[in-house]
Each structure stands twice: as C-alpha cells, then as structure tokens.
Amino acid sequence: MLESLWVWTLATGLISIIVYLLGTWTHDHFSKKNVPHLKPVPFLGNMGPLALRIASFPEILVDWYNRLKGHKYGGVYEFLNPVILLRDPELIKMVTVKDFEHFLDRGVPISEEDEPLIGKGLFSRRGQRWKDMRSTLSPAFTSSKMKNMFVLIKECGKQLTDFLEKCIKDKNMTIEGCKIEREGNILAVEMKDLFTRYTNDVIATSAFGISCDSLSHPGNEFYVLGRDVTDFSGIRAMKLLGLVLSPKLMKLLRIKLLPNSVANFFRSLVHSTMSTREEKGIVRPDMIHLLMQAKKGTLQGDDNVTNNSKNTKPKWDDDDITAQVVLFFLAGFDTVSTLLCFASQLLVMHPDIQSRLQDEIDQTLKEDEGKLTYEAVHGMKYLDMVVSETLRLYPSAVRIDRRCVKTYTLAAEPHCTLKPGDTVNIPIYALHHDPDYFPDPEKFDPERFSDENKGSIKACTYLPFGSGPRNCIGIIKQPEGCEMFIGELTLPASRQFESKVDLDGLGVVGPQAPDLLLPEEVSFVKQHQELLEDVWDACEGSRDGATAVIALMTMPRCSSRVLRRGDRERGGIPLCHRVYYAATILLCRRGGSGSRFALMEAKIALVQLLSRFNLKVVPKTAIQIKISKSSFNMTIDGGFWLGLEQRVKSETQ
Ligand code: HEM
C-alpha cells in the first residue's frame, strides 16, 4: 500500500515536472540574453489575460508597453514564443525602414505549401518572392488607377445610401437579411453589417470587375463567402491559435484555416473571370488584369528601370492569383468597415464634430454643383482629420510584426542580437494611446491632425497603415505631379547611400548648383521646387537616407535611360528619384492624406452617408466604446447600432 503510494507520488511529481518543463522551456530566452522582459506564466507566457478573455488584445498591448516603460524595447512571451516588443519610435524606424533588409518578412506562421491561398498572398509572402509580387501589384494602387476606381466606389456608396433612403421612405418595403430595423422615421442600423456589405461591393467591383449589391441581395455568394473568409471567431480563432502555437502539429493533423468550399469558390471565380476575359478580349484596368499578365509573364515590371534582380520574374501559377483575391478580401473587407464603424460611432458621441463635418461636406458639394468628385473628396480637410483621428484611437490593425532574416543588433541598451527567425512586434495601438505622443490620448480630437498640428506628430508614433516598404499596399500614394508609376525597387547593399550624403545632397545639389545635375534634373528641380522644399523640410532632423527598398516613382521624362546615365556618371540615383524616395519615406512616417485606396473608400462612404443622413443615438447604441474582449477583431460588444435620420436637405447627391 505504502509502496504504491510512493510510486503514485513519484509518477505525479515526474509528470508535473515534465509538464512544467514543456510549458516553460522557452521562457528563459530573455533572461539568458539579459533583455528586460515581462515574467511569463507556464504555457500562456504573457498571453494569459487574452486567453482567459479577461482583456482584449489592445488592452494587453497597452499593458505590456506600460510595464516596459523606461526601456526602448523589451521581451514578451506570446505563449511559448519569445517576441521583442519595440517601444522606441527610432528603433521602429530602423527596423521597418532603414534596416528593412534585415526584417523583410512577417512572422506569419502559414506556409504556402500548407495553405496556398493564404501563404501565397502578398501579406504572407517572404523574401524575393514578396519583392517581386509587391512590385507587380503596387501599380494597381496609384493615383491614376484611383481616379478610375473612384467612379466605381462612388457607385457603391450611392447604392448604399439609396437603399437606406428607400428603407425610410417606403414603409411597405421588407428588409430581409440585413441588420436594419425601422423605428418610426429612423432606421436602427448595425453599422458593421452595413459597412461590410459596402466594403465587399467595393472590392468586388474595383478589384475584380464583379458588380454586387449586398444590401438588395444580402445572400449573394460573394458576400457570404467574403464574410466567412474574414471571420476569425470560434473554431477559426482556435485554428489560428493552433498555428501560432504549433504549425507542425497543425500540418500533421491536416487542419486548415480556409475550408475547401471557400478556397474552391475563389478558385473557380478567378478562373471563370479570367477565361471570360480571355475569350472576349476584355481589358479592364483592374487587379485581375494585372494578375493575368503576371501569370503569362508578360507584365512589364520595373526591370526596365534599374532593377538589379533577375530580368524575368517568376511566372505566377493559378493559386498565386487566387491568393491575392483572398488577400484583398482579408485586407480590405474588415479594416475599412471597422474604421467606418468607429468613425460613425464617434461622430454620434460628438455631435458638434458631426455637424462641422456635415458643413464641410455640404459646402464642398455645393461648390461642385452637388457632384462628388475625386478632387472634392481629396480636398476635404476636416474629413481627413476625422478619419485620421479615428484611426489613431481605433487602428484597425492594433500591432504589426517583422521577422528577422539577417542577424541584427538593436541599437539600444542593452544590446540584443536578433537571429534569423526572431520576431519583433510594433504595438501600434499602444503608441497611439501614449500620452507622451498624444496628450489626453482617450479624447477624440481631430484637431491633432490639423495642418498646424500634424507636423508635430513624432515620426513612427502614428502608424495605422504600418511602416516602411512593407506597409499597407492600399496606402501607396504618388507625390503630386508624378504621372507615371514605375514600381518598387530593391537596392543591393553596394548601391545604398550613406544617409547624410543622400539627403544632404538634396539640399546642396539644389537648383543653385545646376552644374552638378543632368539637364533633365535641372528642369525637374525647377518645376518641382516646392515639392523638393517640402520634402527637405520634412526630412530635416531625421535624415533617413537611403534604405534598402525605395518606392521608385518617376516622371515620364526621367526615363530608364536617364536613370542609367545618372547611375554611370555619378554612381548614384538621379535626384528626382531621391526626391520621390524621400517623399515616400515621408509618407511612410506621416501617413498624410490623399489618394489612397483605403482612405478613399472610407471617405466616400462617410460623405455619401452624412450628406443624406444624421447619425443618431438609438436605444441599442453603445454610448461608450468598449472594445470586445471575446472577439479576435476589434469590435464592440453588442455591435455598432446607430440611428439614421434622413436630412431635410438631400439635394446634394
Ligand atoms: C482602413 C483600412 C486599412 C488599414 C488600417 C490597413 C492597415 C494595414 C496594416 C497595418 C498593414 C501591415 C503593414 C505593416 O506591416 O507595416 C497592412 C498590410 C496590407 N494591406 Fe492594408 N489596411 C487597410 C486597407 C487595405 C485595403 C483596402 C487593401 C487592399 C485592397 C489593403 C491591402 C493590404 C496588403 C496587400 C497588405 C500587405 C502588404 C505587404 O505585406 O506587402 N489594405 N494593412
């Protein structure tokens, strides 16, 4: 009896030790390296409050960030994974912009072999394949394409507001499938449902040439499957967790994130669109057209500029193409609708801001005789301030990450050397809520982004669209005056400039010193003096210099011929390219406003909505925004219910 008790105690003790060791075997990673870090608990690391649903992910990020105060960076454990949390904006800039070549990849644990439709998407792609793909896709988001797409997006906004107006006016109309209820002359609307239908229709038409009306036809397959793909609650959240914890086990168990039905829907959709276009010779300047060219290997990339990489890029297979379709759903569907939900909720809570915005919209539309033009949306400053401040308070992506691909030592005390495979996190939400960067951070104050104030926002503290060459592709913007986009180019180390030489060059080699410039460059500089000065002013103090990757945008006359000549003669990149490079850095750092797809989509919806309706509180409205603890995506408990009341003055459309 005594003997079996001993055996029993010994076995229990041994099992406990094994379990403990399994749950903590990586948890000495930071103490061994003498890196400041948060104390982990077995298995959960520092994710306990999230796993137990005591706190939401944004709250966790703020907690980590605050507990590491006083350090430029620190270590946290996402379950068993040690991850470096970057707190210092300078370090963030180095990792995401300046020393980007060391942090080319994301820490996405999904490989293209296991889950092709996710792993082959631009977001998850790694190394050279990512560079090739990014430079192929980037031209789809430039301002000339934006202008073409503007009409399509505006149509979706009109479809949305026409439908809502009809719901109010036609009392006999039955509203099925959408979360809309009549309360007298007011419509109670769950805005997340409304806006996801809008973003779905926008992506469908602007990227793939498919017309959808997800309000009038709430059950359309495109919408239903789009929602399914972007739903990361329940079982899919568990699968995602499984992938983070043990990708190998998930592979062994053949568990996939995307069900076959969804994957096959997208596959057949893309195939049939491509074959119809092929058969009927349809050419539409959209994503699918670019993807078709990429597949054939006929897409003119940036090689005609100075791409030092191979001349022929690898051809794309069918899954490469379909993966981008899925990605645009993933990237655009939830992010923009989340932004719109928070913006409308905040406007209801701040009626003075809502009415000032409506005044700006009314005034602009009046000036344009009721027509909503691309330039009008672009020019609405207060709208831009409201949207920017919404993204500060509630950034759709609360954090981003980067995976080290080349050994790198962080330029901060204590020195920490990262090895390939190590991950760093950038806590966007926590930076946006840091009172040192944004005083009274919980206050919704669009004035932070006024012309007078936005210049004082510290670089790399406001990052709703990420940072550096791997930032959101939906945000790429051409500097004004630039008519042709050539692509993105990666410079090998031998071609990189020392930062001072490069940007100082901008100041010194101005029009004052024409003998140092090629004739084409002199005329460029003269023509763009203002832009040059802006860029120069804005870069003052930071002197980013050349990073490994630049967004190479150029004037048509500064053709590849000029570039090569410039290269030969000075062993460098001509000034015009450096200007655009600097402008790109500026945009990466600042965000800024302008012709960016994601923002344009959100702004069009807000303009159309607010010009025709007042946003009001209804009994279901959450008066305070409390981010849900139980959802993977940032949302609020109970949903985003608001009332819509038709405005008396509705002739603006
Ligand atoms: C308000 C809306 C949006 C927000 C807040 C947002 C935010 C972000 C962020 C934070 C990243 C990661 C950036 C980084 O790691 O530095 C990202 C990546 C990306 N976004 Fe967006 N996004 C939005 C809309 C869109 C739209 C509409 C599209 C496309 C139609 C899009 C396409 C992408 C793609 C393809 C990537 C991956 C880029 C790469 O890895 O090269 N996003 N986005």
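All of these numbers come straight from a predicted model, not from anything done at the bench. When a ligand or atom number is given, it counts from 1 through the structure's own listing order.
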When you compare the side chains of [X] and [Y], does any donor N or O come within less than 3.5 Å of an acceptor on the partner?
X      : Y      : result
Thr335 : Ser396 : no
Thr338 : Lys192 : yes
Thr423 : Asp401 : no

Regarding [atom]: of the candidates [options], which has the closest heavy atom?
atom                    : options                        : result
atom 7 (C) of ligand 1  : Gly466, Ser396, Pro464         : Pro464
atom 18 (C) of ligand 1 : Cys472, Gly121, Ala598, Ala602 : Cys472
atom 33 (C) of ligand 1 : Gly332, Ala331, Pro395         : Ala331

field: Nearest heavy-atom neighbours spanning Ile60 and Leu50
entry: CD1-N, 3.5 Å
- prompt: At their closest point, which heavy atom of Met634 faces which heavy atom of Val398, and how far apart are they?
  reply: SD-CG1, 3.9 Å
message: Do Arg399 and Tyr429 form a cation-pi contact, if we require the NZ or CZ to be under 6.0 Å from the six-membered ring centre and within 45 degrees of the ring's axis?
response: no
field: Tyr462/Phe449 under ring pair (Phe, Tyr, Trp, His ring centres under 6.0 Å): CA gap, chis, key distance, verdict
entry: CA-CA 11 Å; Tyr462 178 66; Phe449 293 90; 4.8 Å; yes
Where on [X] is there a heavy atom closer than 4.0 Å to ligand 1, on the side chain, on the backbone, on both, or on neither?
X      : answer
Thr338 : neither
Ala397 : side chain
Ser467 : backbone
Ile400 : side chain

message: For Phe333 and Tyr223, take the angle between the two ring planes, folded into 0 to 90°, and tell me which bin it lands in: parallel under 30, tilted 30 to 60, perpendicular over 60.
response: tilted
- request: Name the orientation class of the two ring planes belonging to Phe103 and Tyr408 (parallel below 30°, tilted from 30 to 60°, perpendicular beyond 60°).
  value: perpendicular
Hey, does [X] come in under 3.5 Å of ligand 1, counting only N/O atoms on both sides?
X      : answer
Glu601 : no
Asp401 : no
Thr335 : no
Arg106 : yes

What atoms of ligand 1 come within less than 4.0 Å of a heavy atom belonging to [X]?
X      : value
Leu339 : 1 (C)
Leu327 : 35 (C)
Trp130 : 39 (C), 40 (O), 41 (O)
Arg470 : 13 (C), 14 (C), 15 (O), 16 (O), 39 (C), 40 (O), 41 (O)

message: Just verifying a value: how many Å separate Leu160 CG and Leu215 CG, rounded to the nearest 0.5 Å?
response: 5.5 Å
task: Could you tell me whether ligand 1 has any atom less than 4.0 Å away from a heavy atom of Arg402?
output: yes
